Amino acid sequence: MKFFLSIATVLLFFFQDLPEVREQYYAASKSRQNAEQFYTVFSKYNKENKTLLAYKGAAMALKSKFTSDKTTRKDLFVNGVTLIENCIKSEPNNTEIRLIRLSIQENTPKFLKYKENIEEDKKSILANFNKQSKDLKEYIKIYVNQSKVFSAVEKQKIN
């Protein structure tokens, strides 16, 4: 049964849109099972859409959180954030990719030392907020309002 669920999930992935991916990403951050499913869906993705590639990187980083083998955990995390960083280099003005990186950096333990772009990403997200689609604006609002790195003044700017 699990096999068929995995196959169905992978097939659905290729026919879904970004709002669904965003919901799955949020759910993946909440549990090991959801992170595993999100990773399974994105592990096969190798197309050119940089936003979806960034979600693949995020899926790898999230999976590393729930992996017990230290070497595998490190490799998943490094490969995931490298993929996200490459997506940002390709599309530095892509607000959604910036939000993905910010969400990973905000929730990464300090000892991993992956927090250096938080201020840069915040500024980019806030500066480009009004240029985004309605559904992405809603997604950004939800994230920003629960985030600890945005100040009350910054949160007011998008509400």
Side-chain angles (χ1 to χ4, degrees), residues 9-45 47-66 76-77 79-159:
T9 303
V10 170
L11 288 175
L12 283 173
F13 166 72
F14 292 104
F15 300 107
Q16 65 190 350
D17 55 0
L18 278 172
E20 290 176 42
V21 173
R22 293 174 192 137
E23 286 179 29
Q24 291 173 354
Y25 177 55
Y26 177 76
S29 70
K30 299 300 178 197
S31 78
R32 178 187 198 121
Q33 181 180 5
N34 291 345
E36 291 283 343
Q37 288 176 331
F38 193 64
Y39 174 78
T40 299
V41 169
F42 275 94
S43 65
K44 307 282 189 256
Y45 187 79
K47 305 287 186 227
E48 291 299 314
N49 183 311
K50 298 300 182 196
T51 303
L52 291 176
L53 281 173
Y55 278 113
K56 178 180 181 175
M60 296 166 79
L62 280 172
K63 182 170 172 58
S64 74
K65 177 179 174 180
F66 299 108
L76 277 169
F77 183 78
N79 291 336
V81 299
T82 300
L83 187 54
I84 294 168
E85 293 298 328
N86 288 337
C87 291
I88 288 180
K89 284 178 187 168
S90 294
E91 295 184 13
N93 297 321
N94 185 318
T95 300
E96 189 156 2
I97 296 173
R98 295 268 185 174
L99 184 66
I100 293 166
R101 179 170 71 180
L102 176 67
S103 71
I104 297 295
Q105 288 190 357
E106 179 177 5
N107 294 292
T108 298
K110 286 183 183 181
F111 73 87
L112 291 175
K113 298 179 182 172
Y114 186 61
K115 295 188 176 286
E116 64 271 6
N117 306 104
I118 290 175
E119 288 302 316
E120 172 190 340
D121 290 343
K122 278 176 33 177
K123 287 178 186 175
S124 178
I125 291 165
L126 292 170
N128 294 303
F129 177 76
N130 289 325
K131 299 174 189 170
Q132 306 310 309
S133 65
K134 182 179 177 181
D135 58 311
L136 182 53
K137 283 181 184 178
E138 286 304 311
Y139 184 65
I140 292 169
K141 281 182 188 182
I142 291 168
Y143 184 82
V144 168
N145 285 322
Q146 63 81 40
S147 173
K148 292 181 174 93
V149 298
F150 286 88
S151 69
V153 172
E154 291 168 329
K155 290 177 181 183
Q156 273 307 72
K157 287 182 181 179
I158 64 158
N159 286 319

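Residue numbers count from 1 along this sequence. What you see is a predicted model, and the numbers here were worked out from it, not measured in a lab.
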Please walk me through it: do Leu52 and Leu18 pass side chain to side chain contact (heavy atoms under 4.5 Å, CB included)?
CA-CA 8 Å; Leu52 291 176; Leu18 278 172; 3.7 Å; yes

Would you mind telling me which of Thr82, Leu62, Thr108 makes a side-chain contact (heavy atoms from CB on, under 4.5 Å) with Phe77?
Thr108

With a 6.0 Å cut-off (strictly less than), is the heavy-atom count around [atom1] of [X], excluding the residue itself, greater than 12?
X	atom1	value
Glu116	CD	yes
Phe129	CZ	yes
Lys137	NZ	yes

Check the side chains of [Y] and [X] for a donor-acceptor pair under 3.5 angstrom, ignoring hydrogens and angles.
X	Y	result
Tyr143	Glu138	no
Glu96	Tyr55	yes
Asn93	Asn128	no
Asn117	Gln105	yes
Thr51	Asn94	yes

Mind listing the closest non-hydrogen atom pair of [X] and [Y] along with its distance?
X	Y	answer
Ala35	Ala28	CB-O, 3.5 Å
Ala54	Cys87	N-SG, 3.6 Å
Gly57	Leu83	N-CD2, 3.6 Å

Can a donor-acceptor pair be found, under 3.5 Å and without considering hydrogens, that links the side chain of [X] to the backbone of [Y]?
X	Y	answer
Glu23	Glu20	no
Asn34	Lys30	no
Lys50	Asn86	no

Ring centroid separation for Phe38 and Phe42, is it under 6.0 angstrom?
yes

Any chance you could measure [X], atom [atom1], to [Y], atom [atom2], to the nearest 0.5 Å?
X	Y	atom1	atom2	value
Ile97	Glu91	CD1	CD	4.5 Å
Thr95	Leu126	OG1	CG	10.0 Å
Ser103	Ile84	OG	CD1	7.0 Å
Lys141	Lys155	NZ	NZ	14.5 Å
Leu53	Ser90	CG	OG	9.0 Å
Ser151	Gln156	OG	CD	10.0 Å

Decide yes or no for [X] and [Y]: does some side-chain heavy atom of the first lie under 4.5 Å from some side-chain heavy atom of the second?
X	Y	value
Val81	Met60	no
Glu85	Arg101	yes
Tyr139	Pro19	no

Apply side chain to side chain contact (heavy atoms under 4.5 Å, CB included) to Lys47 and Tyr45, showing your working.
CA-CA 6 Å; Lys47 305 287 186 227; Tyr45 187 79; 3.0 Å; yes

When you measure from the centre of the six-membered ring of [Y], is the NZ or CZ of [X] closer than 6.0 Å and no more than 45° off the axis?
X	Y	result
Lys122	Phe150	yes
Lys63	Tyr39	yes
Arg32	Phe66	no

Start with the C-alpha distance between Asp121 and Ser124, add both sets of side-chain angles, then the distance that settles side-chain hydrogen bond (donor to acceptor under 3.5 Å, both in side chains), and finish with yes or no.
CA-CA 5 Å; Asp121 290 343; Ser124 178; 6.0 Å; no

Test side chain to side chain contact (heavy atoms under 4.5 Å, CB included) on Leu136 and Arg22 and set out the steps.
CA-CA 9 Å; Leu136 182 53; Arg22 293 174 192 137; 3.8 Å; yes

Any ion pair linking Lys115 and Glu106 (charged N to carboxylate O, less than 4.0 Å)?
no

